[in-house]
Amino acid sequence: MENGNLTEVCGNLEDIGSSLPEQFCRMVVWRLEGIGYTAWDAAEIWNLAFSIRKAETEVLDYCHIEAIPEKLYPMLCDRSCGQYLYGLKQAGKLEIEGIDLSGILTSLTEGDVKVDFDKGASDEARLDVLLGEMMNSGKGQRACYRKLKF
């Protein structure tokens, strides 16, 4: 993503009430580009900002805090990216071919540890697993920052 587009993501975020810094926006863009998503236009830049703000608001509301601590940035980054990609998939705008799904788990069992990298699963099934993991990232981590609401 070009610097102008990154600035636009940050500007859109600010316009809709976020106080997340540019370094966080850069983290989200790099995460998306790292898994193979590079289709940026004005509408997608706004949708990315919206997804970031939505994920941010969910964490702020759950934790009853005023600002996201830096230690939660990686978790919020994954949740934002997951929501963004899920929105694209639901709208039929996500091109699966460009996304690297080769190392995606199809199942994970914690008791007696079972990990499955089912290479026979369809790309869509592996994408669904990836998006589910990203959108639900950090449940235990955000609980550490939860405060009582009076």
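Everything numeric here is computed off the predicted structure, so don't read it as measured data. Basis for what follows: all heavy atoms, side chains included, without hydrogens, waters or symmetry-related copies. This chain uses plain numbering: 1 for the first residue, then up along the sequence.
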_Between CG on residue Leu85 and OH on residue Tyr37, distance to nearest 0.5 Å_ = 7.5 Å

*Minimum heavy-atom separation for Ile52 to Ser80, with atom names?*
CA-OG, 3.5 Å

*How long is the span from the CG atom in Leu88 to the OG atom in Ser51, to the nearest 0.5 Å?*
7.5 Å

*Nearest 0.5 Å, what's the NZ-CG distance between Lys54 and Asn47?*
11.5 Å

*Please report the shortest heavy-atom distance between Leu6 and Glu22, naming the atom on each side.*
CD2-OE2, 3.8 Å

_Gap separating the CD atom of Glu133 from the CG atom of Leu130, nearest 0.5 angstrom_ = 8.5 Å

*Is there side-chain contact between Leu76 and Leu20, with at least one heavy-atom pair below 4.5 Å?*
yes

*Determine whether more than 12 heavy atoms belonging to other residues, nucleotides or ligands lie under 6.0 Å from atom CD of Glu66.*
no

_Over 60° means perpendicular and under 30° means parallel, so tell me whether Trp40 and Tyr84 are parallel, tilted or perpendicular._
parallel

*Any idea which heavy atoms bring Cys81 and Met134 closest together, and the distance?*
CB-CE, 3.3 Å

*asked:* Please give the remaining members of the hydrophobic cluster of Phe50, linking ILVMFWY side chains under 4.5 Å, ordered by chain and number.
replied: Trp46

*So which heavy atom on Arg146 is nearest to which on His64, and how close?*
NH2-NE2, 3.8 Å

*Return yes when atom CD of Glu14 has more than 12 non-hydrogen atoms of other residues, nucleotides or ligands closer than 6.0 Å, and no otherwise.*
no

_Tell me whether Lys89 at atom NZ has more than 12 heavy atoms from other residues, nucleotides or ligands lying less than 6.0 Å away._
yes

*asked:* Using every non-hydrogen atom in the two residues, find where Pro21 and Tyr73 come nearest and quote the distance to one decimal.
replied: CD-OH, 3.2 Å

*Report yes if the side chains of Gln90 and Tyr86 come closer than 4.5 Å at any heavy-atom pair, otherwise no.*
yes

*Ile16 backbone acceptor or donor facing Arg53 side chain under 3.5 Å*: yes

_Which heavy atom of Cys77 sits nearest to which heavy atom of Arg31, and what is that distance?_
SG-CB, 3.7 Å

